[in-house]
Amino acid sequence: LTPFTYYFQSQAGSLGPLIFKNYAKPFAHPLRLENNGRTASIRIPETSRGPYPTVTGGLLRDVYEAQSVHFHWGSPTGDKGSEHAINGRRYDVELHIVHKNMKYGNTEEARRYPDGVAVLAIMLEIVDNPKQYYPGLNKVFNKLPRIVEAGTNATINQQLTLSHFLGDVDTKNFYAYKGSLTTPPCAEAVTWHVFPKPLLISRDMISKFFQLRQNNGTPIINNFRPLQPLNGRAVYRRKGGR
Ligand SMILES: *[C@@H]1O[C@H](CO)[C@@H](O)[C@H](O)[C@H]1NC(C)=O
Ligand SMILES: [Zn+2]
């Protein structure tokens, strides 16, 4: 498979910024972190004032409502776990925030349409002494030892917002393209926005992912989809500014 390396430069200014709503509002309920046998995932609840966090702008023509967060990771022997390679480079962990187009009733329905789903992808990179501490993400990582077995879940009692999952990622700087879900059936239903600058996380925190187990008891490692050829897809780049 050809690495996802070559990006086309979009015409300058053709992509607007991403517009986030309710991302900074606290959730109405504590988050529940679940080991589903393939990844650690969190279903996004509504926020304290009712609405779900949403995103629009960038390559999106509609408003998309946040539904869930999950992670892809590598292995303790140093395999990288990201699903995207950015200019040939992969990262240790990739965090996905999955959104559904609000014009569709539910996820099942949304997945049947090319504009059904929008995923934001955030890269995490292991460093020995991170300068930045991400309190929200660290609360999630610290619960991982509580969901080692497949089918278990743990409640995160501290108040979080969806913005906590973005850390301090530069949301003005992204690649965007129309592609597929990275898990079967890999339907061509996803508009991707990938932030190229990684969040730097300590090895201790990332190592907690490697303890999680599948239904058959073996570790969940390398739970990413292999790199896919671009197949002539246009990849748009938005860089900084405005
Ligand atoms: C969470 O785990 C408990 C048992 O520990 C179980 O009763 C409950 O159904 C689980 N919830 C979800 C959403 O999986
Ligand atoms: Zn994913």
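We count ligands from 1, going down the list as the structure has it; atoms in each ligand are counted the same way. Heavy-atom basis, side chains included; hydrogens, waters and symmetry copies ignored.
Within a 6.0 Å sphere centred on CG of N129, other residues, nucleotides and ligands contribute 12 heavy atoms or fewer. By the neighbour-count criterion of 12 heavy atoms within 6.0 Å, atom NZ of K139 is densely surrounded, having more than that number from other residues, nucleotides or ligands.
For atom 13 (C) of ligand 1, the nearest protein heavy atom lies closer than 4.0 Å. The nearest protein heavy atom to atom 5 (O) of ligand 1 is not closer than 4.0 Å. Inside a 4.0 Å radius of atom 9 (O) of ligand 1 there is not any protein heavy atom.
Under the 3.5 Å distance criterion, with hydrogens and angles disregarded, a donor-acceptor pair is assigned to the side chains of N216 and T218.
With the Zn ion (ligand 2) as the vertex, atom NE2 of H70 and atom NE2 of H72 span an angle of 100° (nearest 10 degrees).
Aromatic ring centroids of Y177 and H84 lie under 6.0 Å apart.
Separation of atoms CD1 (I201) and CZ (F209) is listed at 9.0 Å; rounding is to 0.5 Å.
Polar contact with ligand 1: present for N153 (N/O pair, distance under 3.5 Å).
Note on H96: its N/O/S atom closest to the Zn ion (ligand 2) is ND1.
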